[in-house]
There are 2 protein chains.
Amino acid sequence: MYLINFTDFFTSAFSVDCIIFGYSEGKIKALLIKRAIEPYENFWAVPGDLVYPTEDLPQAAERILLELTGLSHIQMHQSQSFGKPNRHPQGRVITIAYFALIRIKDFEIKASSWAEDIKWTAMDEIPELAFDHNFILSETYALLKQKLLNEPVCFDLLPERFTLNEMQQLYEFALETDMDKANFRKKIKYVPMIAHDEKQQNVKHRPAKLFSFNKKEYTNQVEKKDYQFKM
Amino acid sequence: MYLINFTDFFTSAFSVDCIIFGYSEGKIKALLIKRAIEPYENFWAVPGDLVYPTEDLPQAAERILLELTGLSHIQMHQSQSFGKPNRHPQGRVITIAYFALIRIKDFEIKASSWAEDIKWTAMDEIPELAFDHNFILSETYALLKQKLLNEPVCFDLLPERFTLNEMQQLYEFALETDMDKANFRKKIKYVPMIAHDEKQQNVKHRPAKLFSFNKKEYTNQVEKKDYQFKM
DNA sequence: TTAAATTATTGTCCAAATTACAATAATTAA
DNA sequence: TTAATTATTGTAATTTGGACAATAATTTAA
């Protein structure tokens, strides 16, 4: 232990890493960028940026999301902080990871000044990433899986209208386990959902009915404490 | 958005707040200190400190715990980060909260240079705290409650040998709900515990048998994936 | 037009877990 | 020895969960 001045502490920076999860083709995916600048130039990485001195943390995460996707007003979930002294080669930078859940089809990915390339990568096909981003991403994915079990966040990933099978497949991918169709439906029996008349299109078999999440009714029931989402 | 130099980012500090939870007299308690210095002099607060430039985050949390309690080699759990731009009156300081679970009887609380007073406070009797510490503490307590449901961390709070009733009362306090004795025992039937011959002392009724957590057997069963703690 | 194929949806049965409540056992204090 | 208190175990009814079967709706190919 050594004594230093109070002002000597104000020599660190912090960044926000923003993990953007989506769901398509039966897989949960994360948006990765290819870094255009040093350090770790040409490495794939989780999008992130230093936080401005007067900026709030979730605000910084939203800024990153907006730059890459054009999406705003998306709920940000806090993940963990990562602060090993040498995790960044250019100085002491601790990072706070946030994650967002979005519908892939809702927008076009945008280019960015600091990203040479950008792509969706399935969570079972993540390559070697810059910094400690493999660790950050896997810890955050673990948190997402936790949330999927206890909160109705799957509906932020699924399209607005979805089939019950699509919903089941999302859980099967996340939990890495097969589920029985009949039993899955029993399990979600009390989740407030709206059954539409509309059917699946362009499938070469009996089309499934489309459902959507009844968020209003869900909020209602949670307030009255007579419902608790649970998978 | 405005452009600033890379080095201009390195003007922030970060701190670690270390919430120390204990359990006694049927209540979960947190260790609070009375601040001896400005800002918020004489306010009760969660113990915390700025992180040294080369110090890792959990290491800083352990240092705080050691200074106050003399305890070391205690597992630290990461809570959340709190980073509103104006949360600290003297500059941009974001804080990462950690929490530790300890057995109150295992040690004597130590005085500290930056704490004028220090005391255990039950979680249902928390006063107004310095900074945003009320928020930090309640968010972290919510996380602890979550952990109590999914991991056998209650045994870090209970004495090494405890009665099943003490265990039940811990959960009753945390979950704010009464439980049936017989059903509670059924629920914990498969938790690996050692039943001792030793009995409770100095009670004016039939003494209860003492148990302790069989951590070795627990680890074993978790590895073989034939057990998952769940309340 | 019809039959085969495919998938959606619903139902049944059994085992396991949960709940409410009762009964019994062990100990202390008077 | 008895009353009081608490620990511990048991029972029965209900609810939930999992395996599997049956039926319904639709497409495609003959």
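Letters A, B, ... are given to chains in the order of the sequence lines, protein chains preceding strands, and every chain is numbered from 1.
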Participant: Given D/dT8, C/dT12, C/dA8, which nucleotide is nearest the side-chain atoms of B/Arg185?
Facilitator: D/dT8
Participant: Atom CE of A/Met231 and atom C1' of D/dT16: how far apart are they, to the nearest Å?
Facilitator: 14 Å
Participant: Rounded to the nearest Å, what distance is computed from the CZ atom of residue A/Phe184 to the C1' atom of nucleotide D/dG17?
Facilitator: 14 Å
Participant: Can we say B/Asp132 and B/Lys84 salt-bridge, meaning some charged N sits less than 4.0 Å from an Asp/Glu carboxylate O?
Facilitator: no
Participant: Is there a side-chain contact between A/Met193 and A/Phe155 (heavy atoms, below 4.5 Å)?
Facilitator: yes
Participant: Do the side chains of B/Tyr141 and B/Phe99 get nearer than 4.5 Å, heavy atoms only?
Facilitator: no
Participant: Nearest whole angstrom, please: distance from the C1' of D/dT5 to the CG of B/Asn202.
Facilitator: 17 Å
Participant: May I ask you to evaluate whether B/Arg206 reaches the phosphate of C/dA25, defined as a side-chain N or O under 4.0 Å from OP1 or OP2?
Facilitator: no
Participant: Taking CD from B/Gln200 and P from D/dT6, how many angstroms apart are they, rounded to a whole number?
Facilitator: 11 Å
Participant: Would one find a side-chain N or O of B/Asn165 under 4.0 angstrom from OP1 or OP2 of D/dA7?
Facilitator: yes
Participant: Between A/Lys204 and A/Asp180, who's closer to the 5' end of DNA chain C by nearest nucleotide?
Facilitator: A/Lys204
Participant: Grab the CD-C1' distance between A/Gln201 and D/dT27 for me, whole Å please.
Facilitator: 14 Å
Participant: May I have the distance from B/Lys189 (atom NZ) to D/dT9 (atom P), rounded to whole angstrom?
Facilitator: 11 Å
Participant: On DNA chain D, compare the nucleotides closest to A/Val203 and B/Lys181; which residue's is nearer the 5' end?
Facilitator: B/Lys181
Participant: Could you tell me the separation between the CD atom of B/Gln169 and the P atom of D/dT6, rounded to a whole number of Å?
Facilitator: 11 Å
Participant: Measure from NZ or CZ of A/Lys119 to the centre of the six-membered ring of A/Trp44, then state whether that distance is under 6.0 Å and the direction lies within 45° of the axis.
Facilitator: yes
Participant: Between A/Tyr227 and A/Tyr190, is the ring centroid distance below 6.0 Å?
Facilitator: no
Participant: Given atom CD1 of A/Ile188 and atom P of C/dT10, what is their separation to the nearest angstrom?
Facilitator: 11 Å
Participant: Starting from the 5' end of DNA chain C, give me the residue, A/Ala182 or A/Pro207, whose nearest nucleotide shows up first.
Facilitator: A/Pro207
Participant: Return the nearest nucleotide to the side chain of A/Asn183; candidates are C/dT7, D/dT11, D/dG18.
Facilitator: D/dG18
Participant: Which of these nucleotides, D/dG18, C/dT27, C/dA8, is closest to any side-chain atom of B/Lys199?
Facilitator: C/dT27
Participant: Give one of base, sugar-phosphate or nothing for A/Lys186, where a contact means two heavy atoms less than 4.0 Å apart.
Facilitator: base
